[in-house]
Amino acid sequence: MTEKITAVKGMNDVLPKDSYLWEWLEAQVRDLMHAYAYSNIRTPIVEPTALFVRGLGEVTDIVEKEMYSFEDRLNGEQLTLRPEATAGVVRSVVENNLLYDAPRRLYYMGPMFRHERPQRGRYRQFHQMGAEALGFAGPELDAELILMAHALWQHLGLKDVRLELNSLGQPPERAQHRQALIAYLQDHAQLLDEEAKRRLHTNPLRILDTKNPDLQGLVNAAPRLIDFLGQTSLAHFESLKAILDANGVAYTLNPRLVRGMDYYNLTVFEFVTQSLGSQGTLCGGGRYDYLIEQLGGKPAPAVGWAFGVERVLELIKAQGLAQSVAPLDCFAIVPQAQSFPVVFKAVESLRRLGLKVQMHAPSLGQAKPEEGKLASLDDKTPWQHVGSMKSQFKRADSSGAMYALIFGSDELATGCVTVKSLRDGQGLQRVELLKDIDQWGKALQSSLHPKS
Ligand code: AMP
């Protein structure tokens, strides 16, 4: 047999057993973005490598070792699969002059690529949904974005999601802190690990979020950036906190929160959970007031966040919140092939009312005219072998539907259908008249989809 080709390590298929949840989350996030007046932007997955080197910073983990970069075979251009979307969004905003007449609120969804060590919650192709507000300088937009993410977790019903907040100040404040930090770390050089030594002069701020347990005491006592902030930076931070306080959004101040990209200033934040093991950061973001200028645009402030779709979906599943999201409302069980004309009419009515209905249909594998012989297209009437009630019920159960609609001959003889719950554990059922289908179908629809 020819050897199978398998997916690239760390890059996963999203199969039907999960894809309905992805689609559901996408729909929730789209509604959320529309409620906050964010418009969709779709930028290319491949961008010039220089965009990320200049945008994210040369000595960041992503640029140093995680980018999928390659040379265009035809013209030698250096290209990279996007490791994140903010740089691409800013490139597009500048290139298309989107900030010409007004600030912009934008959102995106899509795959990102980082060559990391694959593990639970960390993949080489992963997906982010993110929001960016460009052209706004005040803390109100930092607050709007944080409130929006907070509203999403609430809407999804997620528990154990905590907000961590910090301010990185402005470049001159960071420069002062950097000097103090380097001096402090040099005084304790004998305690530093290899990575910290390497970062001492390139990106000392990143030493503060080291995972090395031996360095925790050292970084805990290090000079804190927040102590170097001037009046204006502190006022920005205080105003943000006041809006969060007034809206009941709890947060923890984490002076060691620095984030992985160099482009941030002032506000940075992360939403974290204890429920996902070591990859507990769901969402990260902050202000990046200098990136637009750095990528060739007219100076303009901006703020944004992105969350990891795989991690949020894993949390949804871990907290049992996926159960209420059914891929399907009804599964139609059809014991006799001659019933199809009537059944079609009924399920079409239900679909018009907005219900998701799967109809049982005979498949070749299921139609077994003779023992031991699969039906083939040569069989005169393979469609007559609709399969036993038992096998149809099995399919109904594994379809994820909330209800089975049983179109048995007894039911049809009296113009009825049996509606049987597949999810209440007791199999409660009732008989409905087909002539009243619009009435009970509507009631079923609004009980299953209260908001639509
Ligand atoms: P970042 O762009 O690094 O700030 O990441 C934002 C969010 O994307 C993180 O909080 C994660 O939820 C998610 N994320 C980042 N890298 C990965 C990855 N390699 N695999 C899965 N999710 C990721």
Side-chain angles (χ1 to χ4, degrees), residues 7-14 18 22 25 29 43 45 47 51-52 55-57 59-68 80-90 107-132 145-146 148-150 152-153 156 158 160-166 168 203 205-206 209 211 254 256-265 267-288 291 302-318:
V8 176
K9 191 167 170 226
M11 305 201 181
N12 302 307
D13 299 312
V14 179
D18 290 318
W22 283 68
L25 181 62
V29 172
T43 60
I45 283 168
E47 295 275 7
L51 174 68
F52 303 113
L56 275 51
V59 287
T60 53
D61 280 352
I62 295 180
V63 171
E64 273 184 344
K65 51 189 187 208
E66 294 172 358
M67 294 205 301
Y68 282 91
T80 291
L81 300 185
R82 63 180 184 194
E84 57 99 63
T86 302
V89 168
V90 168
Y107 80 91
Y108 59 82
M109 306 178 169
M112 310 294 155
F113 302 84
R114 295 183 196 172
H115 200 280
E116 303 194 79
R117 190 171 63 78
Q119 51 189 295
R120 177 182 169 209
R122 191 169 284 282
Y123 310 101
R124 290 181 175 174
Q125 175 175 330
F126 61 99
H127 297 75
Q128 286 184 339
M129 300 189 188
E132 317 282 359
L145 280 157
I146 291 175
M148 182 158 79
H150 175 77
L152 178 63
W153 319 136
L156 299 175
L158 293 178
D160 178 32
V161 178
R162 211 160 42 78
L163 170 62
E164 296 203 344
L165 203 57
N166 191 19
L168 300 180
N203 200 346
L205 208 54
R206 285 305 304 275
D209 69 359
K211 299 274 186 299
N254 178 358
R256 285 171 51 185
L257 180 66
V258 295
R259 315 255 319 113
M261 288 66 133
D262 278 357
Y263 52 57
Y264 290 111
N265 67 300
T267 313
V268 286
F269 56 90
E270 283 183 353
F271 287 92
V272 297
T273 179
Q274 302 285 336
S275 311
L276 290 181
S278 61
Q279 306 304 323
T281 307
L282 291 179
C283 174
R287 193 158 263 290
Y288 51 94
L291 184 61
V303 51
W305 55 244
F307 73 79
V309 178
E310 285 84 354
R311 292 189 194 174
V312 168
L313 285 175
E314 201 181 327
L315 193 60
I316 286 175
K317 286 191 198 166

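Remember, it's 1-based here, ligands and their atoms both numbered in the order they're listed.
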With a 3.5 Å distance limit and no angle check, can you tell me whether [X] reaches the backbone of [Y] through a side-chain donor-acceptor pair?
X      : Y      : result
Arg82  : Pro111 : yes
Asp160 : Gln274 : yes
Trp305 : Cys283 : no

Any Lys/Arg nitrogen of Arg114 or Glu84 sitting under 4.0 Å from an Asp/Glu carboxylate oxygen of the other?
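Looking at Arg114 and Glu84, the cut-off is not met.
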Which residue and atom name correspond to the protein heavy atom nearest [atom], and how close is it?
atom                    : value
atom 19 (N) of ligand 1 : Glu116 OE2, 2.6 Å
atom 13 (C) of ligand 1 : Gly308 CA, 3.6 Å
atom 21 (C) of ligand 1 : Gly121 O, 3.2 Å
atom 4 (O) of ligand 1  : Arg259 NH2, 2.6 Å
atom 20 (N) of ligand 1 : Tyr123 N, 2.9 Å
atom 10 (O) of ligand 1 : Thr281 O, 3.0 Å
atom 15 (C) of ligand 1 : Phe126 CE1, 3.5 Å

Ligand 1 atoms in contact with Gln128 (distance to a heavy atom under 4.0 Å)
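That gives atoms 1 (P), 2 (O), 5 (O), 6 (C), 7 (C), 8 (O) of ligand 1.
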Atoms of ligand 1 close to Ala306 [distance to a heavy atom under 4.0 angstrom, numbered from 1]
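Counting atoms of ligand 1 from 1, those under 4.0 Å from Ala306 are 6 (C), 7 (C).
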Got [X] and [Y] here, is their nearest side-chain heavy-atom distance under 4.5 Å?
X      : Y      : answer
Arg311 : Arg122 : yes
Leu25  : Leu156 : yes
Glu314 : Gln279 : no

Enter the distance from Tyr264:OH to Thr86:OG1 here, rounded to the nearest 0.5 Å.
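It is 5.5 Å, given to the nearest 0.5 Å.
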Heavy-atom pairs closer than 4.0 Å: do any link ligand 1 to the side chain of Val312, the backbone, both, or neither?
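It is neither; nothing of Val312 touches ligand 1.
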Considering Gln119, Arg114, Glu270, which one's heavy-atom position lies nearest to atom 2 (O) of ligand 1?
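Considering heavy atoms of Gln119, Arg114, Glu270, the nearest to atom 2 (O) of ligand 1 sits in Arg114.
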Would His127 count as a contact of ligand 1 if the rule is a heavy atom under 4.0 Å away?
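His127 does not count as a contact of ligand 1 under the 4.0 Å cut-off.
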